[in-house]
There are 2 protein chains.
Amino acid sequence: MNVNNKSNKKRRRRTPEEARASIMEVAAERLGRLGLDGLNISGVAKAAGMSHATVIHHFGSTGAMREALLQKMTRELLSDVMEALQHEQSADKVLERLFSTLSRDGHGKLLAWLALDSQLAGFDSTTSTGDLFKNIIDSIASESGSRTDAKHQVYLVAVAALGLGICGEVLAKLVGLSEKEAGQFPSWLAEHLQTL
Amino acid sequence: MNVNNKSNKKRRRRTPEEARASIMEVAAERLGRLGLDGLNISGVAKAAGMSHATVIHHFGSTGAMREALLQKMTRELLSDVMEALQHEQSADKVLERLFSTLSRDGHGKLLAWLALDSQLAGFDSTTSTGDLFKNIIDSIASESGSRTDAKHQVYLVAVAALGLGICGEVLAKLVGLSEKEAGQFPSWLAEHLQTL
DNA sequence: GTTATTATCAACATTATTGTAGATAATGAG
DNA sequence: CTCATTATCTACAATAATGTTGATAATAAC
C-alpha cells in the first residue's frame with residue numbers, strides 16, 4: 001500500500017558542469033526575485049529539484065555558491081559592456097550603449113548588491129575594468145571637451161543607469177512618467193549629453 | 001570569589017519611548033554599516049546593551065522592528081526633501097537641492113533596500129510623495145520647456161542621486177574621478193541641466 | 001512604606017539553516 | 001558483465017535566530 005514515504009522517483013545523475021549550471025541558473029533567478037535572502041542552500045536546492053547536500057557537494061558551502069554566482073554575473077556584465085562598446089565610434093553612441101547595457105538584465109541590481117552587502121569582497125577594480133572606462137573616457141575626451149567633463153559624463157551615465165536598474169519602475173511611477181515617456185528616457189539622455 | 005556567572009550589573013529601566021529610540025538609533029547605524037543582515041533582533045539587542053527579549057517586548061517581532069525603522073527613515077527622507085525644496089524658487093536650484101538631499105545620509109541606500117528587498121511592503125506612492133514630485137515638475141515646466149522634458153530631468157536627477165548614494169565611491173574610483181572632481185559633480189550636473 | 005505597573009532579563013522551546021556521514025544508484029570504462 | 005567512480009540522497013548533528021514564559025527589579029503613585 002506504499003504507506004512509507006519512500007518516494008520512488010529515479011535519481012537523475014547530471015554531469016558536474018550540468019549540475020553547477022542549473023544551480024547557477026536557479027540561483028540567479030532567485031537573486032533577482034528574492035534578493036540576497038534567496039541565495040540560501042535550502043531554497044536554491046529545492047528550487048533546483050535536488051537536495052541541499054548536493055549543492056554543497058558541488059560548491060563546498062553556501063558562501064562559495066554565492067561567490068560563484070556573483071563572480072559569474074560580474075564577468076557577464078563586464079563582457080556585455082565591453083562587447084557593446086567595442087563597435088561604437090561616436091561618443092554619444094558609446095554613452096547610450098553604456099547606459100542601456102548597465103540598466104538592463106538586473107546589472108544595476110547586481111552592482112547594488114555588491115555595494116550594499118558588507119560581507120562580499122567588494123568589487124575588484126581590476127585592470128580590465130579600469131582600462132575599459134579609461135578607453136571610454138579617452139574616446140569622449142578626444143572628440144570634444146575636457147577630460148574632466150568626459151569623466152563626469154561617464155560618471156553620470158553610470159550612476160543613472162544604476163539607479164534606473166534598481167528603482168526605475170518605482171521612481172517612474174512617482175515622477176509620473178508614462179510607460180512611453182520612460183522608454184524615451186535613454187535617448188533623451190543621450191541627446192542631452194551630446195549638447196554639452 | 002564570584003565564581004558563578006551572575007553578572008551583578010544593575011538593570012536600567014528606560015521609558016518605553018527612550019528604549020524604542022535607542023533601539024532605532026542602533027538599528028539605523030547597523031543598517032548603514034552591515035546592510036539588512038544587521039537588522040536581526042540578537043545583533044541589535046546586543047549592540048543596544050539589552051536582551052533580545054526586551055527588543056521583542058517593545059516591537060513585537062523582528063519584522064515589526066524592521067518595518068518601524070524603515071518607516072521612520074522613509075518619513076525622514078520625505079521631510080528632508082520637502083523642507084529642502086520648500087524655499088527654492090528657480091528650477092535649477094530645485095534640482096540641485098533634490099539631488100544633494102537624495103544622495104546624502106544614506107537615503108539612496110534606504111531606497112535601494114526598499115526596492116531590493118522583496119519582503120518589504122514596497123514604497124507607498126502615497127499622496128504626499130506624488131504631490132511633491134508633481135509640484136517640482138510643475139515649477140520646472142513653467143519656467144521653460146515641455147512637461148515631458150521636466151519629468152525627464154527630475155527622473156534623471158532621482159536615478160542619478162540614487163546610484164550615487166549606493167555605488168558612488170566605487171564608481172568614482174572606477175571612472176578615475178579624483179576626490180575633488182567627484183565633489184564637483186553635483187554642481188556640474190546642475191549647470192548642465194540648466195542648459196537644456 | 002506599600003502597592004501596582006511594567007521594563008527587563010535568564011532560561012527554555014521552537015524553528016530554520018548549515019554542514020556532515022554513510023548509503024545508494026547512475027554512469028562510464030574495462 | 002564487473003568494477004570503479006561519484007553524483008545523489010536520507011538522516012543526523014551543530015549552530016543560530018526567533019519567540020515565549022515566568023521571575024525580578026526599577027519606578028511612580030498612593
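Chain naming here is simple, since letters A, B, ... match the order of the sequence lines and numbering starts at 1 in each.
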- prompt: Any side-chain N or O of A:S61 less than 4.0 Å from the OP1 or OP2 oxygen of C:dT18?
  reply: no
query: In terms of the nearest nucleotide of DNA chain D, which residue is placed more toward the 5' end: A:H52 or A:H57?
result: A:H57
message: Would you say A:T54 places a side-chain N or O within less than 4.0 Å of OP1 or OP2 belonging to D:dC9?
response: yes
- request: Could you tell me whether A:T62 contacts a base, only the sugar-phosphate backbone, or nothing, with contacts defined as non-hydrogen atoms closer than 4.0 Å?
  value: sugar-phosphate
query: Can you find a donor-acceptor N/O pair under 3.5 angstrom joining the side chain of B:R12 to the base of C:dT8?
result: no
Length of the line joining A:E18:CD and C:dG28:P, which is rounded to integer Å: 11 Å
- request: First locate atom CZ of B:R104, then atom CG of B:L77, and finally report the distance between them rounded to the nearest 0.5 Å.
  value: 11.0 Å
query: Between A:W188 and A:F185, what is the ring plane arrangement, given parallel below 30°, perpendicular above 60°, and tilted in between?
result: parallel
- prompt: With no angle test and no hydrogens, is the base of C:dT24 tied to the side chain of A:R11 by a donor-acceptor pair under 3.5 Å?
  reply: yes
query: Contact class for A:I56 (heavy atom, under 4.0 Å): base, sugar-phosphate, or nothing?
result: base
query: Would A:T54 and A:S51 count as having a side-chain donor-acceptor pair, cut-off 3.5 Å?
result: yes
- prompt: Under 4.0 Å between a side-chain N/O of A:R13 and OP1 or OP2 of C:dA25, yes or no?
  reply: no
query: When the distance from CG of A:D37 to C1' of C:dA16 is rounded to whole Å, what number comes out?
result: 13 Å
field: A:L39 backbone acceptor or donor facing A:R30 side chain under 3.5 Å
entry: no
- request: Considering just the side-chain nitrogens and oxygens of A:S42, establish if one lies under 4.0 Å of OP1 or OP2 belonging to C:dT18.
  value: yes
Gap between atoms CD1 and P, on A:I41 and D:dA16 respectively (whole Å): 17 Å
